[in-house]
Protein chains: 2
Amino acid sequence: MTAQSRPPKTPASLTMLARHAGVSIATASRVMNGVTNKASAETVARVRAAAAELNYRPAGAGQALRRRESRIVAMLAAALANPVMGAIASSVEIGLRGEGLVMSLCDTREQAAVQDAYLEEMQAQMVRAVVLAGAVDSPGLDRMRAEGPPLVFVNRPDPGDPGSAYVGIDNRAAGRDLAQAVLGLCCGPVALVHGLLDRTAGTYRRQGILEAFAAAGRGAPELAEIAAPGLNQLEAGRAAMAQALAAGLRPAAVICLSDALAYGAHRALEEAALPGGEAVRFFGFDDLIFNDWVAGWLSSVAVPRDLYGPAVMEVLGQLWQGAPPAGPVYLPHHLSLRGG
Amino acid sequence: MTAQSRPPKTPASLTMLARHAGVSIATASRVMNGVTNKASAETVARVRAAAAELNYRPAGAGQALRRRESRIVAMLAAALANPVMGAIASSVEIGLRGEGLVMSLCDTREQAAVQDAYLEEMQAQMVRAVVLAGAVDSPGLDRMRAEGPPLVFVNRPDPGDPGSAYVGIDNRAAGRDLAQAVLGLCCGPVALVHGLLDRTAGTYRRQGILEAFAAAGRGAPELAEIAAPGLNQLEAGRAAMAQALAAGLRPAAVICLSDALAYGAHRALEEAALPGGEAVRFFGFDDLIFNDWVAGWLSSVAVPRDLYGPAVMEVLGQLWQGAPPAGPVYLPHHLSLRGG
DNA sequence: CCGCGTTAGGAAAACGTTTACCTTTGCGTG
DNA sequence: CACGCAAAGGTAAACGTTTTCCTAACGCGG
């Protein structure tokens, strides 16, 4: 059954459809676009039947060319290997499909150059909007903010303009909430683990945490910030934690700015095999889907994944109607408490 | 700095470029496409300069319309929330970008209807090829095999035609290798956990495992197959394992057809809190990136993630040259041994 | 000086849609 | 009956490329 040399039969065009239905292409086009006041009921039926018979679908290129806008919406994710991004992309995609749009998903690998290349390419594709899940600051982003399709930032606010449209949790509030829970549950020193702080989400989370600790009167010596560089958060968390433990830090609780960091930090603690090490509580952000299965020791700030899509669609709808970016749209978060 | 009502300045067209450079659009087009034997060196330089100045990029829609083929390659993933899919997509994308192509990634949710909707849409976009990471059998897939752009199946062979192009591990051989390792490491009864077996990859893996056990003379009573329905592999693994444990099964080793199943099964074992439960060894497939961090108890069949992209590009190159689908391209796998 | 080949480049058609504008027909009203 | 208006639908231009075909100029051998 191996296929022969390919015969990619071209799909039916509007011209063929019109001929098949015995009408002009103008009429065929109008019927396919639901313009009913320009054709009799009988004509509409005939065209519809012909379309079904020929399996007609309007060619995206033709539409894009004429309308000067394609049915594609670009989504630029910072790291697809991160299941959080995958879940968000999936949710956004459902929303887009609901409006007959197509998502074009790309992986920027957190690199400004790659992100810019994609932004350029997507503009050449006349995309209707660009959704950025984890944007980094870049010249191309600046250019596109000024003159380009609507931009929506997801899960990580625009690093260059706080007024840009944003959909995701209120990271600062989430930080405060998490910190308050930690303060209520644990006494003793707390370690705050972060990787690179050039990500807006992490910055805001940290801010909230610091605020809550300050408000509770438990400041610097009791809250130790530890960090390690490195693009890979898992490795960074491990390195930071190992270093801190080696330096004699013995936290009662560890707060990590992301679950991936927590995975790394936890492993460092296990490897240190300290007496009483199992009693240390871990806290993170993102609530990876695997936490329930293999990380019962980790409490994490979760956001309902399915909410991203509808919220993004809502924001896009407004932007397409010409409204200026309305700033942040916060999704509700909650703390998934585990262990202890 | 909030942006005003949007001024999406249209990008420069070939006509503008030609006027700016003082040549005809034909010449401009030829220069942009690297056809050098039709323009003097001086003209080429002038056009290039104008292109840089205007930040010109050819409009995808115009090209697609004229060439009857866009620069887009569709990738249909079965479940983006699965980090394996994300990693594969990322690798394929790097390969595509290297050839100046754009990836359009979609999530089919393992549903034939969604997959077909995407296949239709992608054909309307005149995509240059479709890469399917986890295809399910569907009428639209049959149609596209017969008359459509080239198809490449990744990580899960074509459920409908074994001769289709495939890139991924040799699942049967991987099953054999894993089983042999299990046979060498553990004595006592072995449980084989699977979810739905309508996935080609799982079927082949199971086949290899059964073969190896049969060859070692350790058949049915010593190798117990357990399964549970359910789309979510994590839940399915847990349910299957819980059921088996309740029925009195006490395996020395558990082989799961995927790591997600293993996560579920492991949790069921933990929840059962059996004496000696920690001694049970787990084996899986995919080697999720988190295994090293939070699943030290799981050995898994791994495949170098970066190999997907180059291999897919190689296959696509051949298909675009008109070669018939060449059947499977096997990537090397190896067993990541952990625990014990 | 004529004919010819080569180089450099232009004119125009075609790809598939959408839409502004036009035409035809039928009907109601003064 | 003359007029106007609505309904139904056709004509053609435009979107941005690519590519085929054409032309003009030039060099060169006879």
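Chain A is the first sequence line, chain B the second, and so forth, proteins listed ahead of strands; every chain is numbered from 1.
- In this model, the phosphate group of C:dC15 is not approached by any side-chain N or O of B:Arg68 to a distance below 4.0 Å at OP1 or OP2.
- For B:Lys38 and C:dG9, the NZ to C1' distance is 8 Å, given to the nearest whole Å.
- An OP1 or OP2 oxygen of C:dG16 is reached within less than 4.0 angstrom by no side-chain nitrogen or oxygen of A:Gln63.
- Residue A:Thr27 places no side-chain N or O under 4.0 Å from the OP1 or OP2 atom of D:dA8.
- Residue B:Val44 is the one, among A:Arg57 and B:Val44, whose nearest nucleotide of DNA chain C lies closer to the 5' end (criterion: closest heavy atom).
- When the side-chain nitrogen and oxygen atoms of B:Ser29 are compared with OP1 and OP2 of D:dT18, one or more of them lie within a distance under 4.0 Å.
- Going from atom CE of A:Met126 over to atom P of C:dT17 covers 15 Å, rounded to whole Å.
- Using a cutoff of 4.0 Å between basic side-chain nitrogens and carboxylate oxygens, A:Arg97 and A:Glu93 are not scored as salt-bridged.
- Residues A:Asn37 and A:Ile25 both approach DNA chain D. Their nearest nucleotides, taken by heavy-atom distance, put A:Asn37 toward the 5′ side.
- Ion pairing between A:Arg156 and A:Glu110 holds under the 4.0 Å rule for side-chain N and carboxylate O.
- If you check C:dT17, D:dT17, C:dA11 against the side chain of A:Pro58, the one that comes closest is C:dT17.
- Here D:dA14 presents its P atom at 18 Å from CG of B:Leu14, a figure rounded to the nearest Å.
- Backbone-only contact: B:Ser13 has heavy atoms under 4.0 Å from sugar-phosphate atoms and none from a base.
- The phosphate of C:dG9 (OP1 or OP2) has a side-chain N or O of B:Thr43 nearer than 4.0 angstrom.
- Note: CZ (A:Arg30) to P (D:dG10) measures 8 Å, nearest angstrom.
- In terms of modelled atom types and a separation under 3.5 Å, the side chain of A:Thr200 and the main chain of A:Pro157 share a donor-acceptor contact.
- Separating the CD atom of A:Gln123 from the P atom of D:dG16 is a distance of 14 Å, rounded to the nearest angstrom.
- Atom CD of A:Glu69 and atom C1' of C:dT18 are 13 Å apart (whole Å).
- In this structure, A:Ala61 reaches neither bases nor backbone, as no heavy-atom distance under 4.0 Å exists between it and the strands shown.
- Here D:dA14 presents its P atom at 13 Å from CG of A:Leu65, a figure rounded to the nearest Å.
- Closest to the side chain of A:Val23, out of D:dT17, D:dG10, C:dG9, is D:dG10.
- Side-chain N or O atoms of B:Gln115 include one that pairs as donor or acceptor with a backbone N or O of B:Val136 at under 3.5 Å.
- Separating the CD atom of B:Gln125 from the P atom of C:dG16 is a distance of 15 Å, rounded to the nearest angstrom.
- A:Thr108 places no side-chain N or O within 3.5 Å of a backbone atom of A:Ala79 that could act as its donor or acceptor partner.
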